[in-house]
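Naming: A, B, ... by sequence-line order, numbering from 1 per chain.
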There are 2 protein chains.
Amino acid sequence: MGEYEVTRRNRVRQIREYARYDTEAVHGVLDAGLVSHVGFVQDGQPYVIPMIYGREGEVLYLHGASKARIVKLLGSGAPVCVNVTLLDGIVAARSAFNSSMNYRSAVVFGTGRLIEDEEESLHALEVITEHALSGRWQELRAPLEREIAMTGVIAVAIESASAKISDDPPEDEEDDYATRIWAGVVPITTTLGEPVADGRVPSGVSMSRSIAALEGRRL
Amino acid sequence: MGEYEVTRRNRVRQIREYARYDTEAVHGVLDAGLVSHVGFVQDGQPYVIPMIYGREGEVLYLHGASKARIVKLLGSGAPVCVNVTLLDGIVAARSAFNSSMNYRSAVVFGTGRLIEDEEESLHALEVITEHALSGRWQELRAPLEREIAMTGVIAVAIESASAKISDDPPEDEEDDYATRIWAGVVPITTTLGEPVADGRVPSGVSMSRSIAALEGRRL
């Protein structure tokens, strides 16, 4: 199990007891999420864009339209910050000050690289597709040349990362425990539900294995 | 109903048919979410941090430890981008290229301002608390002086914003509809579950009304 070096960039500053710098914790959050929030800078202005992604080892793959601003910027080696956060509960304490959330969060720092090689690009698209829909890639036809041309795929080598994971009941001021106020956690669960076929699935075609396997999965 | 002016900063660049610039759509997403992803720049490096928040009119309130980096940076008027995204489904199309997600997303641009006035600060903290736990503020004791001193509250006036909302079945290439592959949407639902009291609620104390009202709520 590896550790990310703690530097100015990835150091968790608040509530440090929740900080994790091991690859297992960071990868665990990245692999559990479905959407990432990608931060980049253009002319001094920060932007945060939700993007799907896939991870393989110490590389995150992102994709978009090949002519999209974010693909051009990240593809030219701009610094990028990627955050994946999953909410697990509202921590309702006996004071507003001690109320908070339970969550799993990972932050990754790196620089983007536009993938130019078609084989590498297809591999990255497979990793992204498989992240949300494991087994789906093999069920689908191969991407068409024009689809590949229209898609810009970015590799972000993870240079630095950290995670922050909290899963605790409220921690209140000692005086507040004497008050007659209810306190605890309201769980938040994100679940994949029953798949809904679109109107053009031919009769006799059953649900794909990759899709059937998802039902009831919790993020 | 207002509209945000479409400028270089907030213009939706990809899949423009999902773009919304009306305040109703943007506020709707902001009010539905529980966590925001806050993007800022320090020494050219982008950072994305998950933060809870509250909205009142055209102001977003954020908070953190008064000595936290993000509070100091945003409090000094740094440009900020706040994104709130809720996932509603995995769109499993007949090709990887046409597969995507259904989601509600809002992006807000503004500049931070540290709230110095105690009354305004308390009001903002009430808005933040009430966002996740409506009715909770009145059930809790008033914040203590030292709690107020330890908390930095940031007001972000919404200068520009847009939303992007998709809720569609797959849209496939005409040729692909002839293939015998299942396609459709895997719904993603995020739900508040049964509240769990911590171990120190005195016997005879029933669940607070603000908490009981949450059970089963979908984000």
Side-chain angles (χ1 to χ4, degrees), chain A residues 9 13-14 34-35 37 39-41 44-48 50 52 65 68-69 79-81 83 85 87 90 92 95-97 101 105 125 129 132-133 139-141 143 147 169-170 177 180-193 195-198 200-202 205 207-208 211 214, chain B residues 9 13-14 34-35 37 39-41 44-48 50 52 65 68-69 79-81 83 85 87 90 92 95-97 101 105 125 129 132-133 139-141 143 147 169-170 177 180-193 195-198 200-202 205 207-208 211 214:
Chain A
R9 193 159 56 161
R13 286 127 199 280
Q14 306 303 323
L34 283 177
V35 67
H37 281 79
F40 61 94
V41 187
Q45 169 71 49
Y47 290 88
V48 180
I52 62 168
R69 170 183 64 173
V80 59
C81 176
N83 187 294
T85 296
L87 291 183
I90 303 174
S95 64
F97 185 78
M101 305 289 284
S105 179
L125 291 170
T129 302
L133 296 168
E139 295 169 354
L140 301 172
R141 64 162 170 76
E147 293 174 340
Y177 284 110
R180 294 182 61 79
I181 183 163
W182 188 97
V185 174
V186 183
I188 302 174
T189 51
T190 299
T191 312
L192 303 186
V196 180
D198 71 9
R200 298 186 64 177
V201 178
V205 171
M207 194 182 292
S208 313
I211 305 297
L214 292 177
Chain B
R9 194 158 56 159
R13 286 127 199 278
Q14 306 303 322
L34 283 177
V35 67
H37 281 78
F40 61 96
V41 187
Q45 169 71 50
Y47 291 88
V48 180
I52 60 168
R69 169 183 63 175
V80 59
C81 176
N83 186 295
T85 296
L87 291 182
I90 303 174
S95 65
F97 186 77
M101 306 289 284
S105 179
L125 291 171
T129 302
L133 297 168
E139 295 169 354
L140 301 172
R141 64 161 170 77
E147 292 174 340
Y177 284 110
R180 295 182 60 79
I181 184 162
W182 188 96
V185 173
V186 183
I188 302 174
T189 50
T190 299
T191 313
L192 303 186
V196 180
D198 72 9
R200 299 187 64 176
V201 178
V205 171
M207 194 182 292
S208 311
I211 305 296
L214 292 178

Requested in this report: Heavy atoms only: give me the nearest V48(B)-N83(A) pair and the separation to one decimal.
Outcome: O-ND2, 3.2 Å
Looking at [options], which has the largest count of heavy-atom pairs under 4.5 Å with chain A?
options: T129(B), V41(B), T189(B), T85(B); value: T189(B)
options: A132(B), A92(B), G44(B); value: A92(B)
options: A65(B), S105(B), S208(B), P169(B); value: S208(B)
options: P79(B), A197(B), G184(B); value: A197(B)
options: V186(B), V196(B), V201(B); value: V196(B)
options: P202(B), P195(B), G39(B); value: P195(B)

Side chain, backbone, both or neither: which part of [X] has an atom under 4.5 Å from a heavy atom of chain B?
X: E139(A); result: both
X: M101(A); result: side chain
X: P143(A); result: neither
X: S95(A); result: both
X: L125(A); result: neither
X: R13(A); result: side chain

Name the region of [X], side chain, backbone, both or neither, that has any atom closer than 4.5 Å to a heavy atom of chain A.
X: Y47(B); result: both
X: E147(B); result: both
X: I52(B); result: side chain
X: I211(B); result: side chain

**Report entry** Validation row: T191(B), T191(A) side chains within 4.5 angstrom (heavy atoms)
**Finding:** no
Taking atom [atom1] of [X] and atom [atom2] of [Y], what is their separation to the nearest 0.5 Å?
X: I188(B); Y: L34(A); atom1: CD1; atom2: CG; value: 5.0 Å
X: T190(B); Y: L87(A); atom1: OG1; atom2: CG; value: 8.0 Å
X: F97(A); Y: L140(B); atom1: CZ; atom2: CG; value: 13.5 Å

